[in-house]
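Quick caveat: nothing in here was measured; it's all calculated off a predicted structure.
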Amino acid sequence: MSPPNTSPTLDGLFRRTLARQPDAIALIDPPDKQRITGQPPRRMTYAEADRAISALAAHFVTAGLPSNSVIAVQLPNTIEFPLTVLAAHRAGLVVALLPQLWRHADLTAALNRTGARAIVSTRWIDGVSHSDLAMNAAAEAFSIRHVCGFGDDLPEGMASLDAAMEDPTALPPAPGPQEARRAAVISFDTTGDGVRAIPRSHLHLIAGGLVVFLESAIPQGAVLLSAQTPATFAGLASSMVTWLLSGGTLALHHPFDDAVLERQIVDLGCQALVAPAPLALRLGEAGLTAQAPSLRSVVGLWRAPEQVASSPNWIGAPAHFTDIYLFGEAGLFGAQRTAEGTPAAIKPGPHTAPRDHAGGSTAGEILITPKGTLGLRGPMVTLAAYAPLPPLNSSIPMAPPPDYVDTGYAARLDRATGAICITAPPAGVMAVGGYRFLAQDLQEWAKRLGQGALLTALPDRLSGYRLAGRAQDNSRAREALAELGLNPLMVEAFRDAPKVDENRASTLTPH
C-alpha cells in the first residue's frame, strides 16, 4: 500500500478498500457474459479480486515484461478488464487501451506506435474471434514479445490468463513503489493532425474520476453499474476510477441490451448508473426510476457535447442526472442538471468538483480560444500530448505552445447569460459512437472500392454520425473493407437494405 503522504495510484485505491472490507463484493459480470465471451458470469469479493490481480501480475513479470513497458489491452466490458488493468499496474506496466471495434489496421498501428511488448485479448467477443485479431496484429508489430488472453480454445502461441489466475503456485510480484505521476495508461485520439497517443498518469486518471464521482454525488460504497466500456480515458475515469473512489461494487454491462441493463439495475439494487447520455435519457423517459427505487445517480456521457443543450429534459426524479461532456481524449467536465431536469449553464473559467461548491478543489478550467473553439486546462489534461507538431521547415521558429488543449469544438459565449454554447464538433474529424477518424479517410476508403462507390457520414442523434455506403456490389465492398483491416462500422456501411413488410407500418432505425 502507498505510504500515507504519497499520492494514490489506482492499485493503492483498490488496496485501501481491500484492507477495510475484504469480503465485500468488488466486481460483478454481465449476466449475459456466456453469450458475449462463451464464459459463465462471475462475481468477486475484494479478497478474491486481489488474488486474481496478484496472479496476473505475477504472470506478466514471469513472462519477462520489464517495468514501465507497454501492455495493450482489448477486452469486453467484463471483470477481466479491471482485473487486467490493476494487475498491469501492480507489475509496473503501462496499459494501452484498445477499443473493441478496432481491427487489424488500427491494432497494428497502435501496437507499433506505442512499442507495446504484450497484448491481452479474449477468445470471443459477440461471435468475433478477437484472439485471432490479436495474433495477426502481433505478427506485424516487432515489439510484441508476449500474447495472452482469456477464454477457452485459444490459438497456439497465446498464453491462457484464466490458467494464470487459477495457478496456486503463482507468487505475487515483489512489492515496489508505485509512482502516481508516472504513466498509467495510453489512449488514442484523432485530431485534425491525425492519430495521437495520449499517455496519462494515475493522477490524471484520478482527477477525471473525481469530477464524475463528486459532481454526480455517488455515495461511498455504492453499487455502480457501468454500461460504458473503459477503453478510453472518459470510459475508464467514469467507471473503473469512480468505482475505486467509492469503494463499492462495480457491476458491468456489455453494451447494449436494454432488457438486460434494466434487469441488472433492478436486481442488483444499483444506486448509480453510468451510460451514454442518449441511452440514459431514453431509460428515464421509459420510467426506469419507478422500477428501480434504489437508483439515485445517473451519469450520462456525451460523445457529442454539442448536443447537450438541445437534449430532452431528465424526467427520472428522484434520481438526479449528471451530464459529462467528453472531448475526445483531451478531457471532460461534468454538470448535474437542474431540479427541472434541464442542462446546467456552463460558464468559462475554473470549475470545482463538485461544481459551484465553495470548498471544492479546482478540477479544471474551461475557456474560449482565440480561434473560437473550446479549450481545456487543468489536472487531467496532458498538454504535451497535444503540443503542436513541429514545422516541416526546421528554420521556422515555433511559437510557444499554449497552456491549454484546444479541443477543436466550435464554441461561443451567450451574450445574455455568459454561458458557453458548444456549436459544432472539430472540423475534419468524424465520430461514429466512440470511433473517431478523419473525414478525408472516408473518400480514401471509398476509392479502394472501385468506380461509383460512395461512403458518407450522416448525422445521428445517438452516435453523433452513422455511416452509409453504396457500391455496385455491397457484398464485395464489405469483403474489401474487411480485407483492409477496417472496423465493422466501416464494413457494415455497405449492408444490404433490409426488407420491410409492406403490411407493417414500422420504421427501421439504426442503433
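Minimum heavy-atom separation, W243 to P82: CZ3-CB, 4.4 Å. Of all heavy-atom pairs between V299 and I218, the closest is CG2-CD1, 4.4 Å. Here the closest heavy-atom approach between residue P41 and residue K33 is recorded as CA-CD, 3.9 Å. Across A184 and L205, no two heavy atoms sit closer than the pair CB-CD1, 4.0 Å. Residues L438 and T191 approach most closely at CD2-O, 3.1 Å, considering heavy atoms. I324 approaches G334 most closely through the heavy-atom pair CD1-CA, 3.7 Å.
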For the pair E329 and S187, evaluate side chain to side chain donor-acceptor pair (under 3.5 Å) and give the outcome as yes or no after the intermediate values. CA-CA 7 Å; E329 295 299 296; S187 57; 2.5 Å; yes
Pair R337, D323 - check salt bridge (Lys or Arg N to Asp or Glu O under 4.0 Å), show working. CA-CA 7 Å; R337 293 209 169 187; D323 294 301; 2.8 Å; yes
Would you please test V73 and L98 for side-chain contact (heavy atoms from CB on, under 4.5 Å) and show each step? CA-CA 6 Å; V73 174; L98 305 179; over 6 Å; no
Should T322 and R355 be marked as a side chain to side chain donor-acceptor pair (under 3.5 Å) after you check the CA-CA gap, both sets of side-chain angles, and the distance that decides it? CA-CA 11 Å; T322 302; R355 179 174 294 275; over 6 Å; no
Going through the checks in order, is the side chain to side chain donor-acceptor pair (under 3.5 Å) test met by E340 and T342? CA-CA 6 Å; E340 293 74 30; T342 57; 4.8 Å; no
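Interatomic distance, Q74 CD to T229 OG1, rounded to the nearest 0.5 Å: 11.0 Å. We find the CD1-CZ distance between I206 and R200 to be 13.5 Å, quoted to the nearest 0.5 Å. Here the CG atom belonging to L27 is positioned 8.5 Å from the CG atom belonging to L86, to the nearest 0.5 angstrom. A distance of 10.0 Å separates CD in E166 from CZ in R51, rounded to the nearest 0.5 Å. Atoms CH2 and CG, on W124 and D153 in that order, are 8.0 Å from each other to the nearest 0.5 Å. Here the CD1-OH distance, from I420 to Y325, works out to 9.5 Å after rounding to the nearest 0.5 Å.
Remark: the backbone N or O of A280 is not paired with any side-chain donor or acceptor of E285 at under 3.5 angstrom. With hydrogens and angles disregarded, a donor-acceptor distance shorter than 3.5 Å links the side chain of E215 to the backbone of Q336. Looking only at distances, no side-chain donor or acceptor of T362 sits under 3.5 Å from a matching main-chain atom of G364. Side-chain atoms of E262 never come within 3.5 Å of backbone atoms of A259 as a donor-acceptor pair (strictly under, hydrogens ignored). Checked by atom type and distance alone, the side chain of T45 never pairs as donor or acceptor with a backbone atom of A24 at under 3.5 Å.
Considering only heavy atoms from C-beta on, V429 stays 4.5 Å or farther from Y409 through its side chain. For the pair S311/L281, a side-chain contact is recorded, criterion being any heavy-atom separation below 4.5 Å from C-beta on. Side-chain contact between S297 and F321 is absent, with no heavy-atom pair separated by less than 4.5 Å. Using a 4.5 Å heavy-atom cutoff, the side chains of F188 and D106 are not in contact. By the 4.5 Å heavy-atom criterion applied to side chains, I186 and L97 are not counted as neighbours. When side chains are defined from C-beta on, L376 does not count as touching E365, because their heavy atoms never get closer than 4.5 Å.
Between H253 and D32, the side chains place no donor N or O within less than 3.5 Å of an acceptor N or O (distance only, hydrogens not considered). Inspection of the T373 and D406 side chains reveals an N or O donor paired with an N or O acceptor under 3.5 Å. Checking Q39 against D162 by side-chain atom types alone, a donor-acceptor pair falls below 3.5 Å. Side chains of E80 and T78: a donor-acceptor N/O pair is present below 3.5 angstrom, by distance only.
With respect to D11 and R90, a salt bridge is recorded, a charged nitrogen being found less than 4.0 Å from a carboxylate O. Using a 4.0 Å cut-off between charged nitrogen and carboxylate oxygen, D50 and R15 do not count as a salt-bridge pair.
Using bins of under 30°, 30° to 60° and over 60° for the plane-to-plane angle, the ring pair H202/H89 lands in the perpendicular bin. By the 30° and 60° cut-offs, the orientation of the rings of F14 relative to Y46 is tilted.
No more than 12 heavy atoms of other residues, nucleotides or ligands shown are found within 6.0 angstrom of CZ on R42.
Cation-pi check for R123 over F150 is not met; the charged atom does not lie both under 6.0 angstrom from the ring centroid and within 45 degrees of its normal.
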